[in-house]
Amino acid sequence: MTDSGAIRVLLVDDQELVRVGFRLILERAGLEVVGEAGDGAAGVAAADDLDPDVVLMDIRMPVMDGIEATRRILAADASRRVLALTTFDLDDVVFAAVRAGASGFLLKDVPPADLVHAVRVVSRGDAMLAPAVTARLLERFAAAPSPDTGLPAGLDPTDREIEIIRLVARGRSNAEIGAALFLSESTVKTYVSRLLAKLGAHDRVQIAILAYESGLVRPGERTA
């Protein structure tokens with residue numbers, strides 16, 4: 001963020017009209033659009049040059065698609081956050097983008113207020129897990145795990161950590177997790193920060209993916 005506290009956003013989309021529209025929405029809400037790029041390769045270069053907090057990343061682009069661009073941007077700096085943009089609900093490439101490290105995804109016809117909210121949420125290190133469509137996307141990780149499925153070797157989470165992992169995977173906020181487990185919100189935040197470090201995850205989406213892939217959470221399962 002800048003000294004003024006404004007969230008720095010990079011727009012990566014091959015449609016100029018989409019970029020113009022998103023820029024207007026974000027700047028009117030007080031966010032700073034630091035740059036634009038029309039393909040994935042240019043987006044990677046712009047991220048290196050401009051150091052944004054959040055990248056709004058189209059998935060289908062020429063030269064380099066948004067999946068590979070997401071992977072490269074986060075490999076260079078895992079503190080950045082990427083929101084994948086797609087035209088179609090539950091597109092297979094969105095699934096790949098989330099696996100590449102995106103902190104969630106938005107449909108391109110998202111209402112302006114929801115766009116601004118999503119950027120602010122992921123800039124805090126949270127993830128866009130609340131919408132039902134995102135929950136369904138995450139459940140696909142249970143049905144199509146990666147070759148290295150499972151929690152990291154030697155993690156040995158405590159019972160409390162497992163409870164928190166499960167609730168994060170269900171899209172619960174820190175306040176909601178605290179209410180469910182009778183913990184303060186600050187205590188939950190500390191647990192989540194420690195889990196991110198132990199799991200080698202850069203945000204809550206990655207915790208959720210690991211939870212589904214390892215079997216800690218299963219599709220349709222109810223949690224507290």
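Predicted model, so just to flag it, every value in this text is computed and none were measured. All residue numbers in this chain count up from 1 along the given sequence.
In this structure E68 satisfies the salt bridge (charged side-chain N to carboxylate O under 4.0 Å, His left out) test together with R71, R72, sequence neighbours excluded. For T187, the side-chain hydrogen bond (donor to acceptor under 3.5 Å, both in side chains) test picks out S184, with sequence neighbours left out. Looking at residues two or more places apart in sequence or on another chain, you find no salt bridge (charged side-chain N to carboxylate O under 4.0 Å, His left out) involving K189. The side-chain contact (heavy atoms from CB on, under 4.5 Å) search around R120 returns I7, A29, L31, V116, R124, not counting sequence neighbours. Remark: P62 engages D14, D39 in a side-chain contact (heavy atoms from CB on, under 4.5 Å) (not counting sequence neighbours). Residues meeting the side-chain contact (heavy atoms from CB on, under 4.5 Å) test with L196, sequence neighbours left out: V192, A201, I207. Residues satisfying the side-chain hydrogen bond (donor to acceptor under 3.5 Å, both in side chains) criterion with D65, sequence neighbours excluded, are absent altogether. Under the side-chain contact (heavy atoms from CB on, under 4.5 Å) criterion, L24 pairs with V20, not counting sequence neighbours. For R23, the salt bridge (charged side-chain N to carboxylate O under 4.0 Å, His left out) partners at least two apart in sequence or on another chain are E27, E36.
Taking each heavy atom of S123 and V54 in turn, the nearest pair found is CB-CG2, 3.8 Å. What you find for A84 and I59 is that their closest heavy atoms are CB-CD1, 4.0 Å. In terms of heavy atoms, A6 sits closest to E32 at CB-CB, 4.2 Å.
Contact annotation: the side chain of V82 never approaches that of L56 to less than 4.5 Å [non-hydrogen atoms, C-beta and beyond]. Two residues are said to be in side-chain contact when any heavy atoms from C-beta on lie closer than 4.5 Å; V168 and L195 fail this criterion. Side-chain contact between L85 and F22 is present, with at least one heavy-atom pair separated by less than 4.5 Å. Side-chain atoms of Q15 and L17, non-hydrogen and from C-beta on, never get closer than 4.5 Å to each other.
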Full working for side chain to side chain contact (heavy atoms under 4.5 Å, CB included) between V55 and R81: CA-CA 6 Å; V55 180; R81 297 290 176 260; over 6 Å; no

Please report the C-alpha distance between D51 and R80 in whole Å, then the side-chain angles of each, then the deciding distance to 0.1 Å, and finally whether the side chain to side chain contact (heavy atoms under 4.5 Å, CB included) criterion is met. CA-CA 8 Å; D51 191 27; R80 293 172 184 150; 3.5 Å; yes

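Under a 3.5 Å cut-off, the side chain of R172 and the backbone N or O of A169 do not form any donor-acceptor pair. Between the side chain of R19 and the backbone N or O of D13, at least one donor-acceptor pair lies under 3.5 Å. A donor-acceptor distance shorter than 3.5 angstrom exists from the side chain of D53 to the backbone of R8, with no hydrogens or angles considered.
Note on V18: it does not cluster hydrophobically with M61, by side-chain heavy-atom contacts below 4.5 Å among ILVMFWY residues. Transitive grouping of hydrophobic side chains (ILVMFWY, heavy atoms separated by less than 4.5 Å) brings L26 and L83 into a common cluster. Connection of I67 to L74 is not established within any shared hydrophobic cluster, with ILVMFWY side chains joined at heavy-atom distances below 4.5 Å, either directly or through further cluster members. Under the 4.5 Å side-chain heavy-atom criterion for ILVMFWY residues, a single connected hydrophobic cluster contains both V119 and L11. Connection of I165 to V188 is established within a shared hydrophobic cluster, with ILVMFWY side chains joined at heavy-atom distances below 4.5 Å, either directly or through further cluster members.
Within the hydrophobic cluster formed by Ile, Leu, Val, Met, Phe, Trp and Tyr side chains joined at under 4.5 Å, directly or through other members, V63 stands alone, with no partner residue.
The line from OH of Y191 to CG of N174 is 13.0 Å long, rounded to the nearest 0.5 Å. Within the model, atoms NZ of K108 and CG of L115 stand 12.5 Å from one another, a figure rounded to the nearest 0.5 Å.
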For residues 40-50, tabulate all N or O donor-acceptor pairs below 3.5 Å that involve a side-chain atom, not counting sequence neighbours.
none

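Under a 4.0 Å N-O distance rule, the pair R194/E161 does not qualify as a salt bridge.
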